[in-house]
Amino acid sequence: MKAKFLGRLPYLILVILVLSLDRWTKWLIHTRLLLNQTVLVIDGFFNITYVRNTGVAFGILDPVQSSMKSTILAILTIGAIIGVIVYSWRTSLSAKLLQTALSLILAGALGNLYDRLRYGYVIDFIEIYFHSYRWPSFNVADSAITTGVAFLAIEMFRDREKENR
């Protein structure tokens, strides 16, 4: 049991680092910018804009109005966190890409859950755009989740290739 925990220590450190970066960047935005204030970073491509997202990643469900939305999303997030932890614990440490993917997803879910429980919304601030096209604002936690899901997809395709050989 101790060896199993120690083998997972690098992944726990990854979770802590990503979660810390997420909390720090959100704290900076929350304490230094006014709501909807924009700071130009790269003209025509990238801004920092403080927005409050009551939905899920990239503003999905943000327009939905319900007094229970935040509670329901928090409960779903807690369920996902438990699922990721259980899956990670049951997965071999030799599956490094999979463990990394699960760690990134866990860190992102924890970061956004903290906001949802503390504020009732998630702090988003990264705004990518090109001409009139704007990607919905996001944060470090959303980036970690997206990267983790991409790594999961790569791992799934890798496993299929092994089965087809």
Side-chain angles (χ1 to χ4, degrees), residues 11-89 91 97-156:
Y11 302 108
L12 179 59
I13 291 169
L14 177 60
V15 170
I16 291 168
L17 288 174
V18 172
L19 183 57
S20 298
L21 179 62
D22 180 63
R23 293 299 329 130
W24 179 68
T25 56
K26 289 175 179 175
W27 174 82
L28 283 174
I29 297 305
H30 189 69
T31 59
R32 306 257 167 99
L33 295 180
L34 299 173
L35 183 60
N36 298 317
Q37 181 180 353
T38 297
V39 176
L40 177 69
V41 179
I42 300 172
D43 192 22
F45 180 69
F46 173 50
N47 292 334
I48 300 293
T49 301
Y50 177 18
V51 296
R52 294 176 179 170
N53 177 2
T54 60
V56 291
F58 307 111
I60 298 168
L61 299 180
D62 195 34
V64 174
Q65 299 297 317
S66 170
S67 60
M68 293 298 295
K69 181 170 63 170
S70 187
T71 303
I72 291 168
L73 291 175
I75 290 168
L76 291 173
T77 303
I78 291 167
I81 288 168
I82 292 168
V84 167
I85 291 170
V86 168
Y87 187 49
S88 173
W89 192 257
T91 300
L97 183 61
L98 179 57
Q99 291 292 348
T100 301
L102 295 172
S103 299
L104 290 170
I105 292 168
L106 178 60
L110 288 169
N112 284 341
L113 178 64
Y114 177 90
D115 280 11
R116 197 168 307 288
L117 294 175
R118 174 111 199 276
Y119 307 116
Y121 56 84
V122 174
I123 297 170
D124 285 341
F125 57 90
I126 301 169
E127 182 181 38
I128 305 291
Y129 62 97
F130 184 71
H131 296 293
S132 64
Y133 176 76
R134 292 192 181 281
W135 187 259
S137 295
F138 58 100
N139 58 44
V140 172
D142 295 335
S143 299
I145 293 167
T146 303
T147 303
V149 169
F151 287 173
L152 276 178
I154 291 168
E155 186 67 19
M156 287 172 49

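These numbers were taken from a predicted model, which means no experiment stands behind them. In this chain, residues are counted from 1 in sequence order.
Between atom CD1 of residue Ile75 and atom CZ of residue Arg116 there is a gap of 12.0 Å, rounded to the nearest 0.5 Å. Here the CZ-OG distance, from Phe151 to Ser103, works out to 11.0 Å after rounding to the nearest 0.5 Å. Atom CD1 of residue Ile154 and atom OG1 of residue Thr100 lie 11.0 Å apart, to the nearest 0.5 angstrom. Here the OH-CG distance, from Tyr114 to Leu19, works out to 10.0 Å after rounding to the nearest 0.5 Å. Note: Leu21 CG to Ile16 CD1 = 14.0 Å, rounded to the nearest 0.5 Å.
Remark: side-chain polar atoms of Ser88 are not paired, donor with acceptor, to backbone N or O of Val84 under 3.5 angstrom. Side-chain atoms of Gln99 come within 3.5 Å of backbone atoms of Thr91 as a donor-acceptor pair (strictly under, hydrogens ignored). Looking only at distances, no side-chain donor or acceptor of Glu155 sits under 3.5 Å from a matching main-chain atom of Leu152. In this structure, the side chain of Thr25 engages the main chain of Asp22 through a donor-acceptor pair within 3.5 Å.
When the shell of 6.0 Å around OH of Tyr133 is examined, it contains more than 12 heavy atoms from other residues, nucleotides or ligands. Annotation: Phe45, atom CZ; neighbour count of heavy atoms from other residues, nucleotides and ligands within 6.0 Å does not exceed 12. In Tyr11, the OH atom is crowded: over 12 heavy atoms of neighbouring residues, nucleotides or ligands sit closer than 6.0 Å.
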- request: Might you work through the side-chain contact (heavy atoms from CB on, under 4.5 Å) test for Leu14 and Leu104, ending with a clear yes or no?
  value: CA-CA 7 Å; Leu14 177 60; Leu104 290 170; 4.2 Å; yes
query: Are Leu102 and Leu106 close enough, and set up right, to give a side-chain contact (heavy atoms from CB on, under 4.5 Å), and what steps lead you there?
result: CA-CA 6 Å; Leu102 295 172; Leu106 178 60; over 6 Å; no
- request: Carefully, step by step, assess Ile48 and Phe125 under the rule side-chain contact (heavy atoms from CB on, under 4.5 Å).
  value: CA-CA 5 Å; Ile48 300 293; Phe125 57 90; 4.2 Å; yes
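Taking the six-membered ring where tryptophan is involved, the planes of His30 and Tyr119 are tilted, since the angle between them lies from 30° to 60°.
A salt bridge is defined here as a Lys NZ or Arg NE, NH1 or NH2 lying under 4.0 Å from an Asp or Glu carboxylate O, and Asp124 with Arg52 fails to meet this definition.
A donor atom on one side chain and an acceptor atom on the other are not found under 3.5 Å apart for Ser137 and Glu127. Residues Asn112 and Asn139 have side chains that bring a donor and an acceptor to within less than 3.5 angstrom of each other. Side-chain atoms of Arg134 and Tyr129 form no donor-acceptor pair, as typed in the model, at a separation below 3.5 Å.
Shown here for Phe46 and Ile128, the closest heavy-atom pair between the two residues is CD1-CD1, 3.6 Å. Smallest separation of non-hydrogen atoms from Leu73 and Thr77: O-OG1, 2.7 Å. Summarising the geometry of Val18 relative to Val140, their closest heavy-atom pair is O-CG1, 4.3 Å, with the distance given to 0.1 Å. Minimum heavy-atom separation, Lys26 to Gly111: NZ-O, 3.4 Å. Minimum heavy-atom separation, Ala141 to Gly108: CB-O, 3.3 Å. In this structure, Ala74 and Leu117 approach most closely via the heavy-atom pair CB-CD2, 4.0 Å.
For the pair Leu110 and Ile81, the minimum side-chain heavy-atom distance is below 4.5 Å. Put simply, the side chain of Tyr121 does not reach to within 4.5 Å of the side chain of Asn53, judged on heavy atoms.
Between Ile29 and the options Ile123, Ile126, Val51, a side chain to side chain contact (heavy atoms under 4.5 Å, CB included) holds for only Ile123.
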